[in-house]
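Working notes for the structure below.
Per chain, numbering begins at 1; letters A, B, ... match sequence-line order. These numbers were taken from a predicted model, which means no experiment stands behind them.
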Protein chains: 2
Amino acid sequence: MALDEAELIARYFAPLAGAGGLGLRDDAALLAPPPGAEIVLTADALVADVHFFAADPPGRIAAKALAVNLSDLAAKAAEPLGFLLTLALPPGWTPDWLEGFAQGLGEAAGAQACPLLGGDTVATPGPLSLSITALGSVPAGGMVRRAGAKPGDLLYVSGTIGDAALGLALRRAELGQGPPPEWAAALSSEQQETLVNRYLQPQPRLGLRAALRACASAAMDISDGLVGDLRAMMRASGTSARVDLREPPFSAAASAALRVDASLLERIACGGDDYEILCAVPPAKAERFASLAAEAGVAVVPIGSVEPASRGDLFLAPGGEPLAFRRERFSHF
Amino acid sequence: MALDEAELIARYFAPLAGAGGLGLRDDAALLAPPPGAEIVLTADALVADVHFFAADPPGRIAAKALAVNLSDLAAKAAEPLGFLLTLALPPGWTPDWLEGFAQGLGEAAGAQACPLLGGDTVATPGPLSLSITALGSVPAGGMVRRAGAKPGDLLYVSGTIGDAALGLALRRAELGQGPPPEWAAALSSEQQETLVNRYLQPQPRLGLRAALRACASAAMDISDGLVGDLRAMMRASGTSARVDLREPPFSAAASAALRVDASLLERIACGGDDYEILCAVPPAKAERFASLAAEAGVAVVPIGSVEPASRGDLFLAPGGEPLAFRRERFSHF
């Protein structure tokens, strides 16, 4: 390898550094928090062939690693301040790969106004691994918690659910790691591409910040599947949920797949990698929530209501019948 | 494996969480920065059998991962606020291992008043890897930079240099990964143990904070060897260094090893993992620096002076003759 660590950082990562990154030439980054703000912090690790395919385009891997962290900030109604990246490179990495990685990272960071502040690059004999810590700010007291849902609140999700779980199956087939799923034949090639892109390139819903801050009593991002994450929010809040999927937050592509294979409902409702926002909104604020979300250009769909814990969770299928799932929560672990 | 990720976090890591960690039950942590403070941020990744031995006691691995980050905060004169940990566990981890890891992490975090704020636990098919992001605070403008050294400044190091590099050779032999080094026979078993502990358990010099903030024009922590890191500080500052090792910052154990094998000087001066502080102090502040360091109980030793860049770096050996090194900077990369 021709580059040492300092040269590698100077060439690929220093151009992405925000002011607080000090050109990545010091031991640490420096951040002046906005006056009166509190800092929201989140960290996620991703491992090749566990959380993404080693063969994915490097820019997509980088952008996804940032997006999954920004999705947490979005759910907490926080404004991104910057991020730190640690990258463990396996033997045989190439300058081309790293250039693609840095370019994708820079584009994603620029699009979300979330500059690189610092990090570390190391060698690993194992799979490519990376870890991102993202920082955001909220006005003091303004972070939306996971544990704040109250009986009577309405439940909303942003965007559509299940696309990434279906996209993962298509992506696996694209990479020759499995046969194409039978339902794929019912989808147009555009629909298939949409699903794969939803898997490869989650869109953190940072635009929903103002709506969440003004209206949500609780929020979290959906990373491990709607059903499991909803249950986690209800457990944290000491409540239960009644979810009605008769007007479901499903994309046209997911709906087309579901029409030919009804058993996909479990994968759609319980699969991971959605990176949409789940939130609870008191009925008195529902109209304002919908209006602020529309202003931000983020689709939100009501999916049910928060109930007293004693009722137990209830999921109604698109057909109206109660649903039970075999494997509720997606886990890479 | 009997535990899912949420149970694992609840059992092993939630007990370590500071107030800002919200019991590790939310998507993010929340930190209220001290009024008027700036936030200093640093991240380091560690990979088994690259940065530590997989067979090292898990509590030591955890404490070292935290220490190498706190060492960066110490060099910047920052007060720890907390840290985030991402942990990638290989197949076959055991509850005992994780319990030891969490216990060592908790003890180290408690000793440095640096609570766990959040993080992520994932599975990896590769070696155990972990990444820590540590946050500290400084009064606005109070961070000591790497790039501030001026010709005429005196150069100091804290503690002693080279112990960890010698300890690494001993540790390798302990683990059956190499023969015992010949110089080991000249050391008492206590001296050998001291060196191994210096490798396994770096001590971040957070006590030096007040002295650095009051007196240092530049500082960095020595993680990749005194010679290479000093050159990096000089390059960043646009200066060169004259280092005189005639009264060297060497431990009794390192000096004993050096007496039987003069060639060890390169390993001592260029080896990694010291986690001591290198700093530049204007002569007018030298007395105060020494006195504040003594108050803090941190030994500091003058090792030379900062010179104009045009002079070029000069290293004088303990015998007074100019030194050249074959491989100046330690690199895991």
Side-chain angles (χ1 to χ4, degrees), chain A residues 4-6 8 20 22 25-33 37-47 49-51 72-73 75-76 78 84-88 90 117-127 129 131 133 135-136 138 140 143 145-147 220-221 232 236 329 331-333, chain B residues 4-6 8 20 22 25-33 37-47 49-51 72-73 75-76 78 84-88 90 117-127 129 131 133 135-136 138 140 143 145-147 220-221 232 236 329 331-333:
Chain A
D4 72 14
E5 186 187 353
L8 180 155
L22 309 173
R25 282 190 297 267
D26 210 309
D27 307 66
L30 186 63
L31 194 70
E38 290 175 342
I39 307 293
V40 177
L41 297 146
T42 182
D44 278 296
L46 290 86
V47 178
D49 293 329
V50 178
H51 301 89
D72 282 319
L73 294 186
K76 306 290 102 179
L84 294 94
L85 164 73
T86 63
L87 177 63
L117 295 175
D120 192 18
T121 308
V122 300
T124 178
S129 308
S131 175
T133 299
L135 293 89
V138 287
M143 185 175 113
R145 307 292 180 103
R146 185 188 284 191
M220 69 184 292
D221 84 324
R329 196 168 194 189
S331 175
H332 291 296
F333 190 74
Chain B
D4 72 13
E5 186 187 353
L8 180 155
L22 309 175
R25 282 188 297 267
D26 211 310
D27 306 65
L30 185 64
L31 194 70
E38 290 175 342
I39 307 292
V40 177
L41 296 146
T42 182
D44 279 297
L46 291 88
V47 177
D49 293 329
V50 178
H51 302 90
D72 282 318
L73 294 187
K76 305 290 103 178
L84 293 93
L85 164 73
T86 63
L87 177 63
L117 295 175
D120 193 16
T121 309
V122 299
T124 178
S129 306
S131 176
T133 299
L135 294 89
V138 288
M143 187 177 111
R145 307 292 180 102
R146 186 189 283 192
M220 70 184 292
D221 85 321
R329 195 167 194 190
S331 175
H332 291 296
F333 190 73

Which bit of Ala37(A) is near chain B, if near means a heavy-atom gap under 4.5 Å: side chain, backbone, both or neither? backbone

I'd like to verify something: which residue of Leu117(A), Val138(A), Asp221(A) has the highest number of heavy-atom pairs under 4.5 Å with chain B? Asp221(A)

At a heavy-atom distance under 4.5 Å, which candidate from Ala43(B), Ala29(B), Ala45(B) has the highest pair count against chain A? Ala29(B)

Please step through side chain to side chain donor-acceptor pair (under 3.5 Å) for the pair Thr86(A) and Asp120(A), ending with a clear verdict. CA-CA 5 Å; Thr86(A) 63; Asp120(A) 192 18; over 6 Å; no

For Leu30(B), is it the side chain, the backbone, both or neither that has a heavy atom under 4.5 Å from a heavy atom of chain A? both

For residues Val47(B) and Pro125(A), determine if any side-chain heavy atom of one lies less than 4.5 Å from a side-chain heavy atom of the other. yes

Given a strict heavy-atom distance threshold of 4.5 Å, which part of Leu135(B) is in contact with chain A: side chain, backbone, both, or neither? side chain

Could you have a look at Gly118(B), Pro33(B), Ala88(B), Ala32(B) and say which one has the most heavy-atom pairs with chain A under 4.5 angstrom? Pro33(B)

Sequence neighbours left out, what passes side-chain hydrogen bond (donor to acceptor under 3.5 Å, both in side chains) with Asp26(A)? Give chain and number order. Lys76(B)

Residue pair Val50(B), Val122(A): steps toward the side chain to side chain contact (heavy atoms under 4.5 Å, CB included) verdict: CA-CA 9 Å; Val50(B) 178; Val122(A) 300; 5.8 Å; no

Considering only heavy atoms, which portion of Ala78(B) lies under 4.5 Å from any heavy atom of chain A: side chain, backbone, both, or neither? neither

Which bit of Leu22(B) comes within less than 4.5 Å of chain A, counting heavy atoms only: side chain, backbone, both or neither? side chain

If every non-hydrogen atom of Met220(A) is compared with every non-hydrogen atom of Ala232(A), which pair is closest and at what distance? CE-CB, 4.5 Å

At a heavy-atom separation under 4.5 Å, does Asp49(A) approach chain B through its side chain, its backbone, both, or neither? neither

Please classify the contact of Arg145(B) with chain A as side chain, backbone, both or neither, using a heavy-atom distance under 4.5 Å. both

Show your working on side chain to side chain contact (heavy atoms under 4.5 Å, CB included) between Glu38(B) and Leu31(A) and close with a plain yes or no. CA-CA 6 Å; Glu38(B) 290 175 342; Leu31(A) 194 70; over 6 Å; no

Find out whether Pro90(B) and Pro127(B) are in side-chain contact, i.e. whether some heavy atom of one side chain is under 4.5 Å from a heavy atom of the other. no

Who wins among Ile39(A), Leu46(A), Asp72(A) for the most heavy-atom pairs under 4.5 Å with chain B? Ile39(A)

For a 4.5 angstrom cut-off between non-hydrogen side-chain atoms, does Thr42(B) reach Thr133(B)? no

